[in-house]
Structure formats: C-alpha cells, structure tokens
There are 2 protein chains.
Amino acid sequence: MDASPQYRPLYRQVYDFLVKQIAESAWRPSEALPSEQALAGQLNVSQGTVRKALDALAVEKVIERRQGKGTFVAEHTQERALFRFFRLSEPGSERATPTSADESVRRRAARAPELRRLRLDAGEQVVEVVRTRMVGGRPAVFERIILPLRQFPDIDRRLPLPNALYAMFQQEYGVNIVSAEEELRADVTRAQDARRLPLAVGAPLLHIDRVAIAIDGSRVEWRISRCDTSRLVYAVTLS
Amino acid sequence: MDASPQYRPLYRQVYDFLVKQIAESAWRPSEALPSEQALAGQLNVSQGTVRKALDALAVEKVIERRQGKGTFVAEHTQERALFRFFRLSEPGSERATPTSADESVRRRAARAPELRRLRLDAGEQVVEVVRTRMVGGRPAVFERIILPLRQFPDIDRRLPLPNALYAMFQQEYGVNIVSAEEELRADVTRAQDARRLPLAVGAPLLHIDRVAIAIDGSRVEWRISRCDTSRLVYAVTLS
DNA sequence: TCCTGCAACTCTTGTAGAACACATCATACA
DNA sequence: TGTATGATGTGTTCTACAAGAGTTGCAGGA
C-alpha cells in the first residue's frame, strides 16, 4: 500500500488495488479471490478494511460473495448479462430474452464519430458487427456494434459471435463491462431498418445509442440499436 | 427492537425502523436525525450497527451524511429531483432543465387502467394534471399525470403546481419518492400531441410510461410523457 | 465596556480493527 | 453409509480513535 500525496482512506486504496487486479485479469471470472484474511495479510491491513472494499465491489456487482465459500469475480453469464444490459421486455415487465440472426462482421478503419465516441487514436481499426435480434421468434432489434480491434484482436475470426457479447468480452478478452451510457430517441423506420424489422418505412422506432464502459473506465463498445417497440418496451428503474 | 419470527440482522431492523420513521415524517426534509449515539442508545444497539443502517440509507439517497454536522433527511430540491428523475438532456449529455406551461388540473373518479397501475380501490378519486414541459424556451414534453386524491388531498386547489412535483410531494404531503419504473417506446404524434408540441401528426415521438414509488413502497403517481426527441435525448446509465 | 481573535471543548460522522456467529465443505470415524 | 467435527470462508456486532464543524470562553487591546 503506497501512501499517495493526496490522502485516501485505507479501504479506498484496497478497493483501487482490487479493481486494478481484476482489470488485469489476476483472477478469472467465477474464480475465487483470496480470502479476506489472506488479502489483509498480503496488504498489511485488517480484515475489516478489506471487507469494506469487497463490500463496495459487491454492490457494483463486480464480485460476488458467498458466506462460507468465498468471494468470486462476478461472471457475465448469458442470463445475467442480458438481464442487466438488455432492457427490452413485455409491457407487463415480463423479461424478454433475445437471440441473434443475420450476423455480418467486417474489419475497417475507424471513422470520425467512432474515434470520438470510443476515444480512439486516429487510424485505429475497428470491427463492425451488424445483426438482427429476435425476441419470441420475431425480429425486434436491428443492431450495429463498433469494437476497437486493439482490445478485441481477431474477434472477427471467431464467428459466429455468441448471443451475449459481454460474457465473451470477459472470458475471451478479460474485458469486464460494468456500466453503459445510453441515449434514446424516437426515429422513423428507414429502408435499411425495414429490410430487417417487420416495420413499414416511416413507422416510429426506438433508437438507442450505447457506449459500454469497462472496469478500468475505458470505452469499449459503441452500439446502435433500432428497436421495434410495437410489442416490446424499454424498461428501466430510476433510483 | 422486536425479534421477528424469521431472523433479521440487527442493522436490518434498525434500517426498517428508520425507513418507517421517515415514511411517517418523523423528521422533516433537511432536518437532522438524532446522532448515531442517540439512535444507538434509543434502540439499544451499538453505534456501529446504527451506522451500517444509515450508510445503506445514504446509498439510496434517502438521507445525507455530513461529517462533523449530522445526518439529514435528503431534500428533493428543484435541481436534485430533476437531475434524478428528468432524464432528457442535450445529446452531448448537457443536462436540460424544464419549466411548466399550459397546466390544467381536474378531479375525477379513477378509471380502470389507473386503478391497476396505482393499486387503487374501486371508486377512488384521482387528480389528473396535464401540462407542457418547456426546455430552452420550446415545448419538449406533453405530460399527463395521475395522482390518488387520498394521498394528495386538495392538491388540485394549490395551483399553480411547482415545477418539481416530487419536492412538493415531500414537503407538503410527506411523500418521499425514492424510485420510478419507466417503460419507453416509440410512438407517432397524434393530433392531441401536435397541439402542444412542435411536431407534425405522424412524426415519431418518445412515449414514456412512469410509475413513481414512495419510500414505503406505495405506487404514488402514474405519469405519461410524450417527448419530442428531435433535439433532446433520454439519457440513462445502466449499471 | 465592548470587540476581536484564538484556544479549548464538544458533538458530529469517518475509518480501522477485533471478536464472535454462521455457512460450507472435506475428512475422520462409527 | 451416515454422522460428527474441524478448518476455512463470509456475516454481524461492537469498540476505539481520527477528523470535521461549530460553540464557548477567555485574554487582550481599543
């Protein structure tokens, strides 16, 4: 534990240390961290201080704690990741689970808006994924995803992509998505949308612009989803 | 502290006790709660246990803690409430602040969907508020709000309603809004919308269906907002 | 006498750590 | 094969002290 020029509480230093370790994949997903006692000994602080840091990480769903068993790196399982970041559901708040279809992937140089959104350096390459998301057997979302090739090398050679991308990011690339910033607006269906979705050109659809953020704070994915909300709704709880 | 049949940790019992007290307006907004020591003495637990309960309430933004000063019931000030529950902003995530216009209020019997949404008893009366929300001098949202008259007696005689309704709920009626469930979808502008918003009939708009939930868990407000998202977006962070 | 400035005190929440209870699992033993 | 037990985890509770903020009271000068 190094004492930084500006004071930070011990438990905060422990927290930062653990975030760094997890960001560097020191432990695999679903693998157990060292016990509180072990970490306390290693970092030369008390068990209570380690616990305070672990509790904070558990609130953020970065880790999971199980009494009597241990503390584990939270796993982005299929259901869990979808439940967290896929917000479309039946109007009565029955959760919808999507599948993928008509996937196409290509590698190219990043364009200006992508450089800005993902804070990339000029000339960097990206992978563009275009796919249709099905809910209940019907096309519901038309998705365009931009990924920096630097962070996901050869992801365009690992087709087909899994249904839950964030689980793959975590397991294959050690990239932990912890939050996502979304901007929503209503838009009209264009010819491009109508080829994928059961919507007439000119009909309203929900346009979602998302940037996903990893545990180290880096902006890792830009995703635009165009959703048919005639049968599903975007559900969110503000608190 | 009574021991319930199913075991609950002490700090959870303290938490529940405090929630109940705040729900019953034992302390006014921005008023200080008794100190940790005082609460600990009153409830016959240690200061650390009280602190754990208070920390949880602070995370939920029900209370605010200030070192050296005390613990205060969080106040739904104008800016704070809007920042929390009004999600429209400029695309670059510059926050937008709305004002109200063209407000009309009437009292009537609750209709079937309102009974369901707000879990009302048949025959209960509601107050229906219709108003236009302006952002940057332009109409941006057309809002319809349903409130149970039982919880907000004579609210229809206190016109004009303030800009931040939840601050009024808290100060005038002791109702603390802590979360809101929203369902969003894209819809077309209808004649009714076009009278209020600078949109042509048939243009896409964002339809938001919100139920606001008070600290005691009761469903207190049903609000439908129809938003012009040609200049603003609905911004939300998933975590 | 009145005002000013500072030190000391008191009350608050924040941080750190210890002690023990409870959960889980592996293993020894009847 | 079933049960007891010990080892090792996290969960809960409590204590001690640090740090922030405000109040009080006193010394000293105008």
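Note that the structure is predicted; figures quoted are calculated from it, not measured. Below, chains carry the letters A, B, ... as their sequence lines are ordered, and counting in each starts from 1.
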For Arg8(B) and Asp16(B): C-alpha separation, side-chain torsions, deciding distance, then whether side chain to side chain contact (heavy atoms under 4.5 Å, CB included) applies. CA-CA 10 Å; Arg8(B) 314 197 82 186; Asp16(B) 291 342; 2.3 Å; yes
Could you give the CG-to-P distance, from Leu39(B) to dC11(C), as a whole number of Å? 16 Å
Heavy atoms under 4.0 Å, any strand shown: does Gly48(B) hit a base, just sugar-phosphate, or nothing? base
Would you indicate, yes or no, if dG22(D) has its OP1 or OP2 atom less than 4.0 angstrom from a side-chain nitrogen or oxygen of Lys69(B)? yes
Can a side chain N or O of Thr49(B) be found less than 4.0 Å away from OP1 or OP2 on dT12(D)? no
What orientation do Tyr234(B) and Tyr234(A) show, parallel under 30°, tilted 30 to 60°, or perpendicular over 60°? perpendicular
Looking at the side chain of Tyr11(B), which of dT13(D), dG11(D), dG20(D) is the nearest nucleotide? dT13(D)
As a test of reading the structure: which of dT12(D), dG14(C), dT15(D) is closest to the side chain of Ser46(B), going by heavy atoms? dT15(D)
Among dA21(C), dT12(D), dG14(C), the nucleotide that comes nearest once only the side chain of Asp55(B) is considered: dG14(C)
Would you call the rings of Phe85(B) and Tyr166(B) parallel, tilted or perpendicular, taking 30° and 60° as the class edges? perpendicular
To the side chain of Val45(B), which of dT13(D), dC14(D), dT10(D) is closest? dC14(D)
Answer yes or no: does a side-chain N or O of Ser35(B) lie under 4.0 Å from OP1 or OP2 of dT12(C)? yes
Between Gln37(A) (CD) and dC20(C) (P), how many Å, whole number? 14 Å
Would you indicate, yes or no, if dT12(C) has its OP1 or OP2 atom less than 4.0 angstrom from a side-chain nitrogen or oxygen of Arg65(B)? no
Please report, rounded to the nearest Å, how far the C1' atom of dG9(D) is from the CD1 atom of Ile63(A). 14 Å
Calculate the interatomic distance between Glu36(B) atom CD and dC17(D) atom P; express it in whole Å. 17 Å
Let me know the distance between CD of Gln67(A) and P of dT8(D), rounded to the nearest Å. 17 Å
With heavy-atom distances below 4.5 Å as the criterion, would you say the side chains of Arg51(A) and Tyr11(A) are in contact? no
Is any side-chain N or O of Arg51(A) under 3.5 Å from a base N or O of dT12(D), one able to act as donor and the other as acceptor? yes
Using a cut-off of less than 4.0 Å, is there contact between a side-chain N or O of Thr71(A) and OP1 or OP2 of dT10(D)? yes
Select base, sugar-phosphate, or nothing to describe what Gln47(B) touches, counting heavy atoms under 4.0 Å on all strands. base
Going through the distances and angles, do Arg133(B) and Ser100(B) end up as a side-chain hydrogen bond (donor to acceptor under 3.5 Å, both in side chains)? CA-CA 5 Å; Arg133(B) 305 285 271 176; Ser100(B) 294; 2.8 Å; yes
Nucleotide nearest Leu10(A) (side chain, heavy atoms from C-beta), chosen from dT12(D), dG17(C), dA21(C): dG17(C)
Euclidean distance, atom NZ of residue Lys52(B) to atom P of dT15(C) [Å, nearest integer]: 16 Å
Expressed as a whole number of angstroms, how long is the span from Arg8(A):CZ to dG14(C):C1'? 16 Å
Residues Val178(A), Glu60(A); criterion side chain to side chain contact (heavy atoms under 4.5 Å, CB included); working and verdict: CA-CA 8 Å; Val178(A) 295; Glu60(A) 299 169 35; over 6 Å; no
Whole angstrom value for the distance that separates C1' of dT12(C) from CZ of Arg66(B): 12 Å
